[in-house]
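Before any comments, here is the structure.
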Amino acid sequence: MTMQTDIPVAVSEGVTNRACDSAVSETFEESGSVASLEATLLKSRVLSRGGSPDRQGIMAEEERTNKKVNVEERERKIRLIERRRALSNRIQHDRNETMEKIFAKQNPDGFWNVDDLSVIGISKRNFINFLGNAGARSLGPKVFELALQLLSTLVILAFIKLRLLIDIPLSLPLGKKRELKVDGLEETNSKNITAALRWIKIQEQKIPLLYSRLEFGVNWDVATRNIVQKMAV
């Protein structure tokens, strides 16, 4: 006589789950993906009961994950913008501070002396030696002193243009009698630039083509750029 034993459903399901778990574990043994293993085990258990995965739950979890990623990305972009803004403000502050020091040294007639070059990091001795080696002393003592003032003024203007990135001309346009209006400069400083350029124009009539005679370049733009580079400003 054959004996029949009723097996509880819970036990039956437990055996089925263990069998599913064992099969899936073997499948993922080499990959080692814990997250994928857990997800597949959960899905296999649901299917073993004749059910189907909770699609709404999965979609809800994906939506929560996406929202978290979007928030983190937005916060990262905000931090990046704030850092860039802080850097821009610091650069602007340093530039304005340097401009104030430069124009505080300017002579009322519009020029800068060789002593004033220290404000942009050029020593007086090095600059005098530089011009002397270029042959400026051969022009005579008076012309040499005037050349020092002229080139000091031009080099400071070149510094403003090349290092502070303020687009200014190094000579007055022909027929220009009114003050220049320079973008990035206050009206007062635009007038200071105009005064310097007018002074330069007068001195060029006394010692014309100085840039060519000292072999600095074909014009003042090229000449001052070369001087700034050689003086390592």
Side-chain angles (χ1 to χ4, degrees), residues 91 94-186 188-233:
I91 291 173
D94 292 345
R95 184 169 71 173
N96 291 341
E97 201 172 59
T98 302
M99 292 291 292
E100 288 180 7
K101 292 178 181 178
I102 287 173
F103 288 116
K105 297 281 188 180
Q106 188 179 20
N107 186 278
D109 289 337
F111 64 88
W112 283 272
N113 284 306
V114 66
D115 299 307
D116 303 327
L117 290 176
S118 59
V119 77
I120 62 172
I122 298 177
S123 78
K124 176 180 178 179
R125 176 181 295 179
N126 289 343
F127 195 70
I128 290 175
N129 290 338
F130 172 75
L131 290 187
N133 293 334
R137 289 189 183 277
S138 63
L139 302 174
K142 291 184 178 180
V143 175
F144 180 69
E145 290 299 320
L146 181 57
L148 279 176
Q149 285 185 339
L150 177 58
L151 284 164
S152 296
T153 302
L154 282 160
V155 167
I156 286 179
L157 292 179
F159 176 86
I160 294 173
K161 181 175 184 176
L162 300 174
R163 298 296 181 257
L164 301 184
L165 303 179
I166 297 176
D167 190 17
I168 60 174
L170 296 182
S171 61
L172 279 174
L174 293 175
K176 188 71 177 179
K177 294 183 179 180
R178 295 182 180 179
E179 281 79 11
L180 294 173
K181 193 172 184 180
V182 181
D183 292 336
L185 286 182
E186 297 178 357
T188 301
N189 289 338
S190 291
K191 289 181 178 180
N192 292 335
I193 295 293
T194 304
L197 294 176
R198 285 176 177 166
W199 181 86
I200 289 171
K201 196 168 186 177
I202 294 172
Q203 308 317 309
E204 282 187 307
Q205 295 173 1
K206 299 176 182 178
I207 42 176
L209 302 176
L210 183 61
Y211 50 81
S212 178
R213 293 161 72 179
L214 298 179
E215 298 182 351
F216 287 149
V218 296
N219 54 42
W220 281 125
D221 281 297
V222 176
T224 52
R225 186 182 296 273
N226 290 335
I227 294 172
V228 166
Q229 289 176 350
K230 289 178 180 179
M231 298 304 298
V233 178

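Note that these values count all heavy atoms, side chains included, but never hydrogens, waters or copies made by symmetry.
Taking the charged nitrogens against the carboxylate oxygens, Lys105 and Asp115 have no contact shorter than 4.0 Å, which rules out a salt bridge.
Between Trp220 and Glu204, some side-chain heavy-atom pair lies under the 4.5 Å cut-off. Between Lys161 and Asp221, some side-chain heavy-atom pair lies under the 4.5 Å cut-off. With a 4.5 Å cut-off on side-chain heavy atoms, Phe144 and Ile128 count as touching. Taking the side chain as every heavy atom from C-beta outward, Leu148 and Phe127 approach each other to under 4.5 Å. Contact check for Leu210 versus Phe216: no side-chain heavy atoms found under the 4.5 Å cut-off. Side-chain atoms of Ile160 and Thr98, non-hydrogen and from C-beta on, never get closer than 4.5 Å to each other.
Put simply, the side chain of Ser123 gets close to the backbone of Asn126: a donor and an acceptor are under 3.5 Å apart. Of the possible donor and acceptor atoms, none in the side chain of Ser212 sits under 3.5 Å from a partner among the backbone N and O of Leu209. With Asn219 contributing its side chain and Val222 its backbone, the two residues share a donor-acceptor pair below 3.5 Å.
Closest heavy-atom contact between Ala158 and Val228: CB-CG2, 4.0 Å. Smallest separation of non-hydrogen atoms from Arg95 and Leu164: NH1-O, 3.0 Å. Pairing each heavy atom of Leu185 with each of Ser190, the nearest pair is CB-OG, 3.8 Å. Across all their heavy atoms, Leu165 and Leu162 have their closest contact at CD2-O, 3.5 Å. Residues Arg163 and Val233 come closest through the heavy atom pair NE-O, 2.8 Å. Smallest separation of non-hydrogen atoms from Ala223 and Gly217: CB-N, 4.2 Å.
In this structure, Leu131 CG and Leu150 CG are separated by 10.0 Å, a value rounded to the nearest 0.5 Å. Rounded to the nearest 0.5 angstrom, Phe111 CZ and Leu151 CG are separated by 14.0 Å. The distance from the CE atom of Met99 to the CG atom of Asn192 is 8.5 Å, given to the nearest 0.5 Å. In this structure, Asp116 CG and Ile122 CD1 are separated by 11.5 Å, a value rounded to the nearest 0.5 Å. Between atom CZ of residue Phe159 and atom CD1 of residue Ile227 there is a gap of 15.0 Å, rounded to the nearest 0.5 Å. Interatomic distance, CD1 of Ile91 versus CG of Asn96, reported as 12.0 Å (0.5 Å rounding).
Each of Gln106, Lys124, Gln149 was scored for a side-chain contact (heavy atoms from CB on, under 4.5 Å) with Asn113, with one residue passing: Gln149. Each of Thr224, Ile166, Ile168 was evaluated against Leu157; a single residue qualifies, Ile168, per the side-chain contact (heavy atoms from CB on, under 4.5 Å) test.
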| task | For Ile200 and Leu170, run side-chain contact (heavy atoms from CB on, under 4.5 Å): C-alpha distance rounded to whole Å, both residues' side-chain angles, the deciding distance at 0.1 Å, then the answer. | result | CA-CA 9 Å; Ile200 289 171; Leu170 296 182; over 6 Å; no
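Between Trp112 and Phe103, the ring-plane angle classifies as tilted under the 30° and 60° cut-offs.
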